[in-house]
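The next block holds one structure in the form of C-alpha cells; read it before the comments.
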Amino acid sequence: MATDFTRRALDVIRAVPRGRVATYGQIADLAGNPRAARQVVRLLHSSSQTEGLPWHRVVNGRGTVSLPRGRGYEEQRAMLAAEGVVFDERDRIDLKRFRWNPA
DNA sequence: TTACTGACCTTTT
DNA sequence: AAAAAGGCCAGTA
C-alpha cells in the first residue's frame with residue numbers, strides 16, 4: 001500500500017541532519033508531492049513508533065512545534081534544543097538558519 | 001466504494 | 001498582525 005511517495009518521504013525524513021529541521025511541506029516536496037504535506041503527518045504518526053525516525057526534526061512552516069503541550073511539544077522542543085536548535089522568545093525557530101537545505 | 005481524519009499550507013478577511 | 005477558510009493527499013474504517 002505504501003506508495004512511492006510514502007517511501008520516499010520516509011527516506012527524506014531519515015536524511016534530515018542533526019541540528020537542522022524540515023517542514024512538512026518541504027518533505028512532501030522533496031518526496032515528489034508538494035501538496036502532500038498532510039500525508040507526511042500521517043507517516044510520522046505511523047512510523048514514529050519505529051525508532052530511527054527523527055520525527056522531532058519536523059516542524060510546521062512557521063517554524064513552530066505543532067504538537068499540543070503535554071503531547072510531545074515539550075519533548076520535541078527539548079530534543080531540538082539538545083541538538084543546538086534555538087527557540088526565540090515567541091517559541092519559534094529561525095527557519096532561515098535552521099531549516100535543512102538539501103543540495 | 002464512500003466518508004472521515006490528520007503534528008499542514010496558502011490565501012483571504 | 002492575527003484569525004478564518006479552503007484546498008490537498010494518502011491511509012483507514
From [atom1] of [X] over to [atom2] of [N], roughly how many Å is that when rounded to an integer?
X	N	atom1	atom2	value
A/Gln26	B/dC9	CD	P	10 Å
A/Asn33	B/dC8	CG	P	18 Å
A/Leu43	B/dG6	CG	P	16 Å
A/Arg42	B/dG6	CZ	P	8 Å
A/Leu30	C/dC9	CG	P	18 Å
A/Leu44	B/dG6	CG	P	15 Å
A/Arg92	C/dA2	CZ	P	8 Å
A/Arg35	B/dT11	CZ	P	9 Å

So, OP1 or OP2 of [N]: does either fall under 4.0 Å of a side-chain N or O from [X]?
X	N	value
A/Thr3	C/dC9	no
A/Arg71	B/dG6	no
A/Thr23	B/dC8	no

Nearest heavy atoms of [X] and [Y], plus distance in Å:
X	Y	value
A/His56	A/Leu80	O-CD2, 3.3 Å
A/Arg14	A/Pro54	CA-CD, 4.1 Å
A/Asn60	A/Tyr24	N-CE1, 3.4 Å

**Study point:** Complement of C/dA1, any strand, by Watson-Crick or G-U distances under 3.5 angstrom
**Key:** none
Check your understanding: Going from CD1 on A/Ile27 to CG on A/Asp11, what distance comes out if it is rounded to the nearest 0.5 angstrom?
Key -> 11.5 Å
Review point. Mapping A/Arg62 and A/Ala36 onto DNA chain C by nearest heavy atom, which one lands closer to the 5' end?
Key: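 Final value for this comparison: A/Arg62.
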Review point. Stepwise, does the side chain to side chain contact (heavy atoms under 4.5 Å, CB included) test hold for A/Trp55 with A/Met79?
Key: CA-CA 10 Å; A/Trp55 59 273; A/Met79 288 203 265; 3.2 Å; yes
Check your understanding: With sugar-phosphate meaning primed atoms plus P, OP1 and OP2, does A/Arg7 contact a base, only sugar-phosphate, or nothing at under 4.0 Å between heavy atoms?
Key ->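 Nothing, no nucleic acid heavy atom in range.
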